[in-house]
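All chains are named by letter (A, B, ...) in the order of the sequence lines, taking the proteins before the strands, and each is independently numbered beginning at 1.
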Amino acid sequence: MRVLLFGPLRDIAGWRERSFDPPLLTLSALRARLTSEDEALGEALRAPAVQAAVDKVVVRGDCALAPGAEIAFLPPMSGG
Amino acid sequence: MRVLLFGPLRDIAGWRERSFDPPLLTLSALRARLTSEDEALGEALRAPAVQAAVDKVVVRGDCALAPGAEIAFLPPMSGG
Amino acid sequence: MSEVRLQDAPFDPGALLTGFTTGRRASGAIVSFIGMVRDEGGSVSALELDAYPGFTETAIAGMADEAVGRFSLHDALVVHRTGLIQPGEPIVFVATAAAHRREAFEGADFLMDFLKSRAPFWKKSHEAGGPRWIEPSARDYEDAARWDALKDNR
Amino acid sequence: MSEVRLQDAPFDPGALLTGFTTGRRASGAIVSFIGMVRDEGGSVSALELDAYPGFTETAIAGMADEAVGRFSLHDALVVHRTGLIQPGEPIVFVATAAAHRREAFEGADFLMDFLKSRAPFWKKSHEAGGPRWIEPSARDYEDAARWDALKDNR
């Protein structure tokens, strides 16, 4: 399971991409894990404008995650 | 004195440019001369949409012409 | 600032755009328009464009300067073919540079509307049924009239 | 029909325009837009553009396809830089081809408004006072909202 951060989230967390093995089973479990490791990142991820994408599809609320899933956290987009 | 025709006027008259020596003294005299030589051209020149330019400036009505003037008859423009 | 060129020879729009773009550090937006001769499914064999040298450039430069003033353009360029032009060939190239994209788009759009409806060209279409002289379309006049309405609302 | 490319390497807008224009015998109108990084009088040293490969192209392709359908475009091309971009360098190139100029202009204008307000990029401006993340301006949102109003009126 890969987790990707974009934009200002990268600056807050200090990383762009991480693997999680064993994988987390749900998006909410992943959020809890990231928050337990880094409270500042956890708070940033809870901002309503930050979207989550699973395998490049934006999801709302919680969802189950496949073991090989790619999860991206997308802060408000700057546009081109 | 040079006279220039543009667009469909060239097809009607069968010429694009002519010199007149001795020159005509006024635009109305030039129109009368062109009409006396070619009635079809004279009629085409009388159409309200046909403009006359003297030395590249559009003029309305009659005006005096300098001996070295360049007179152009401009039918409705096609645009670019 | 604006530049107007008439030429019988074909031009390369890409080379014109590269020249217009290079070295502009203050312009955030550049818009270009290329008008091409359409073959209309094969019925048009060529366009023939007649200009009045000196008079035509001056009229177009007046339109370009109006666009520069009205839309705060940094620059405007108009290159127009004259003579015989084949289907698939560019007939007109317009480029505008501005700080922001809205001005660059509107400047180019305005300039094209005025070129198409009011520029002193006489255009003959060589078609299967014989040559015919072309006047601006009703849509060309409508497009140009849009700007009068916009001006009143500003 | 549309094409979207993201690339870290600089591109030559003129070469892209030549490629886009060549061989179009049915398109009477081609509009291009180039967005450049402005130096803002020397205060901006570079822009850094972050994309999500795969996700970003798909989102832009969706916008391009919407422009093609809405404005009856024959084709649309979007080329966008990513990574570090210097002032004076092009950051985005958009081209549209259509039968007539109104569609080509509106298609490019629409596509740029949506790119500027909704494309999945994250943009950092490296300035004298330090780097800062950029969000779309109020004007970018207003520009994009114009099209919703127009759609309702058609």
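Checking each of D/L16, D/L17, D/D12, D/T21 against C/L17 for a side-chain contact (heavy atoms from CB on, under 4.5 Å) leaves exactly one that passes, namely D/L17.
For C/A26, the part sitting under 4.5 Å from any heavy atom of chain D is the backbone (N, CA, C, O) and nothing else. In this structure, the portions of C/A108 lying under 4.5 Å from any heavy atom of chain D include both its backbone and its side chain.
The candidate from D/P13, D/G88, D/S27 with the greatest count of non-hydrogen atom pairs under 4.5 Å with chain C is D/S27. Counting heavy-atom pairs under 4.5 Å between each of D/D113, D/I91, D/T96, D/V94 and chain C puts D/D113 at the top. Across C/I34, C/T22, C/D143, the residue that shares the most heavy-atom pairs under 4.5 angstrom with chain D is C/I34. By number of non-hydrogen pairs under 4.5 angstrom with chain D, the leading residue of C/G19, C/A104, C/A99, C/A97 is C/A99.
A 4.5 Å side-chain heavy-atom check between C/D109 and D/R101 finds every atom pair outside the cut-off. Taking 4.5 Å as the limit, every side-chain heavy atom of C/R24 sits out of range of all side-chain heavy atoms of D/R38.
The distance between the ring centers of D/F105 and C/F105 does not fall below 6.0 angstrom.
Note that OG of C/S32 and CD1 of D/I30 are 9.0 Å apart. Values are rounded to the nearest 0.5 Å.
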From CA spacing to verdict: side chain to side chain contact (heavy atoms under 4.5 Å, CB included), C/R146, D/R102: CA-CA 12 Å; C/R146 291 183 307 148; D/R102 183 111 327 278; 2.8 Å; yes

